[in-house]
Number of protein chains: 2
Amino acid sequence: MVTPLTENDPTAQGERRARQRTGKNGRLALGPLPELVGYNLRKAQVALFQNFQSAVAPHDITPGQFGVLIMIKENEGLSQSDLGSAVGIDRSTMVAVIDRLESRGLVVRAPSPNDRRSYALRLSPEGQRLMEELIPRVKAHDQSMVKDLSKEEQAQLIDFLRRMSKAG
Amino acid sequence: MVTPLTENDPTAQGERRARQRTGKNGRLALGPLPELVGYNLRKAQVALFQNFQSAVAPHDITPGQFGVLIMIKENEGLSQSDLGSAVGIDRSTMVAVIDRLESRGLVVRAPSPNDRRSYALRLSPEGQRLMEELIPRVKAHDQSMVKDLSKEEQAQLIDFLRRMSKAG
DNA sequence: TATTGTTATACTCTATAACTATA
DNA sequence: TATAGTTATAGAGTATAACAATA
């Protein structure tokens with residue numbers, strides 16, 4: 001990804017342009033954005049996403065895929081539709097998501113014992129091994145994102161975020 | 001209603017899972033996800049995104065487009081490349097973003113006075129009118145997302161998120 | 001009739017590589 | 001040589017509508 005919002009432009013041209021607009025520090029004006037919770041939420045998530053990628057390298061797993069794998073691990077035998085409802089995506093979208101994980105050998109589409117329309121999803125042995133390696137790494141990554149916050153502040157942050165989700 | 005998947009699973013694991021899921025609504029087990037900052041961040045952002053959409057309806061503007069429009073408004077005459085760097089997307093991606101906003105009559109690609117390779121972006125009169133209507137709405141929407149937090153907690157939340165972005 | 005997985009289709013967001021005009 | 005905008009291309013993610021098999 002490209003440089004984020006408040007990065008300096010080190011070129012002479014960039015400095016000239018920036019000076020014309022901001023008069024001083026070579027950054028673009030952001031208007032009301034920095035005061036918005038949504039803007040800061042977005043920036044934190046971009047930072048988290050990038051850090052996640054390097055934390056789970058070289059496994060090429062996204063946070064979304066990790067969530068899907070966790071749900072399958074924790075709810076072995078669930079159907080694609082139920083999984084989709086749980087993670088908030090349509091069942092038609094889930095098809096390609098599982099296609100990818102299955103073609104990588106991480107997830108198995110087993111026949112459902114009581115409903116011949118649906119699959120019983122489960123992790124393959126390789127998927128299980130991967131998750132055993134990934135879960136501690138993801139936890140460590142998550143901690144590293146809030147390493148500058150005290151334990152109390154970390155708990156507060158999660159509490160605030162949960163209250164936001166409810167308020168939505 | 002879906003049949004509980006672990007209904008006849010005799011193992012301790014299965015029973016634990018079933019108990020976690022067998023509330024009134026059949027919720028699935030989430031494993032370590034609820035303790036992760038990243039998971040709660042993601043959920044808060046999904047809630048915010050949906051609320052944003054209804055807050056700016058019927059204008060069909062996304063948070064990302066709003067950010068681009070703010071940057072153009074606050075830094076009139078900037079180029080597509082500088083804008084891309086500012087919001088963190090590649091200049092090739094920015095082409096279609098501006099195409100859309102231009103075709104909707106919100107943004108103008110004016111010739112740059114000192115560099116014939118680049119455009120000087122600015123809001124059209126219609127874009128200016130839209131932003132005058134949108135900015136108060138977006139601020140109100142943003143406030144509504146944290147309405148259950150005290151002013152002090154809101155300030156703490158933004159502070160925590162900023163410290164996370166730096167830590168990335 | 002309703003649901004599950006699927007396909008067809010479409011749109012957004014994202015990137016890299018290569019092209020052109022210009023610097 | 002380097003940069004700005006563009007195009008071609010690719011892939012992920014998202015959705016709706018319709019279909020066959022099954023409930």
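Every chain is numbered from 1, with letters handed out A, B, ... down the list of sequences. All of these numbers come straight from a predicted model, not from anything done at the bench.
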- Using the closest heavy atom to pick a nucleotide of DNA chain C for each, name whichever of A:Q80 or B:G64 lands nearer the 5' end.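 Nearer the 5' end of the strand: A:Q80.
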Take the protein atom [atom1] of [X] and the nucleotide atom [atom2] of [N], then report the distance between them rounded to whole Å.
| X | N | atom1 | atom2 | answer |
| --- | --- | --- | --- | --- |
| A:I89 | C:dT6 | CD1 | C1' | 15 Å |
| A:D90 | D:dA15 | CG | P | 5 Å |
| A:R42 | C:dT14 | CZ | P | 6 Å |
| B:Q53 | D:dA15 | CD | P | 13 Å |
| A:D60 | C:dT14 | CG | P | 18 Å |

- Query: When you measure from every atom of DNA chain D, which of residues 92-102 of chain B have a heavy atom less than 4.0 Å away?
  - Reply: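 Those residues are B:S92, B:V95.
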- Query: Which distance, rounded to the nearest 0.5 Å, do you find between the CZ of A:R27 and the CG of B:N75?
  - Reply: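 These two atoms lie 13.5 Å from each other.
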- Query: Hey, is the main chain of A:A29 close enough, under 3.5 Å, to the side chain of B:E74 for a donor-acceptor pair?
  - Reply: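 Checking the backbone N and O of A:A29 against the side chain of B:E74, no donor-acceptor pair under 3.5 Å is found.
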- Message: Tell me which pairs pass side-chain hydrogen bond (donor to acceptor under 3.5 Å, both in side chains) where either residue lies in residues 34-43 of chain B, with sequence neighbours left out.
- Response: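 Residue pairs passing side-chain hydrogen bond (donor to acceptor under 3.5 Å, both in side chains), neighbours aside: A:R162-B:N40.
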- Message: At 10 degrees resolution, what angle do the end axes of the helix from C:dT1-D:dA23 to C:dA23-D:dT1 form when each is taken over five base pairs?
- Response: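 End-to-end axis angle: 10°.
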Using the test side chain to side chain donor-acceptor pair (under 3.5 Å), find all partners of [X] that sit at least two apart in sequence or belong to another chain.
| X | result |
| --- | --- |
| A:E133 | A:H59, A:R137 |
| A:Q53 | none |
| B:R104 | none |
| B:S112 | B:N114 |

- Residues that A:S150 engages under side chain to side chain contact (heavy atoms under 4.5 Å, CB included), provided they are two or more places apart: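 By the side chain to side chain contact (heavy atoms under 4.5 Å, CB included) rule, A:S150 matches A:E152, A:E153.
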- Task: Tell me, please, which residues at least two apart from B:E126 pass side chain to side chain contact (heavy atoms under 4.5 Å, CB included).
- Result: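 Checked B:E126 against side chain to side chain contact (heavy atoms under 4.5 Å, CB included); matches are B:L106, B:S124, B:R129.
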What N/O pairs connect the protein and nucleotides 19-23 of chain D at under 3.5 Å? Give each pair on its own line.
unit_1, atom_1, unit_2, atom_2, d
D:dA23, OP1, A:R116, N, 2.9

- Name the residue closer to the 5' end of DNA chain D, choosing between A:Q65 and B:Y119 according to the nucleotide with the nearest heavy atom.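 Counting from the 5' end, the first nearest nucleotide belongs to B:Y119.
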- What pairs meet the salt bridge (charged side-chain N to carboxylate O under 4.0 Å, His left out) rule with one or both residues in residues 88-101 of chain A, with sequence neighbours excluded?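 Output for this query lists A:D99-A:R109.
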- Message: Run the salt bridge (charged side-chain N to carboxylate O under 4.0 Å, His left out) test against A:D148 and tell me which residues pass, sequence neighbours left out.
- Response: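 Counting only residues at least two positions away or on another chain, A:D148 forms no salt bridge (charged side-chain N to carboxylate O under 4.0 Å, His left out).
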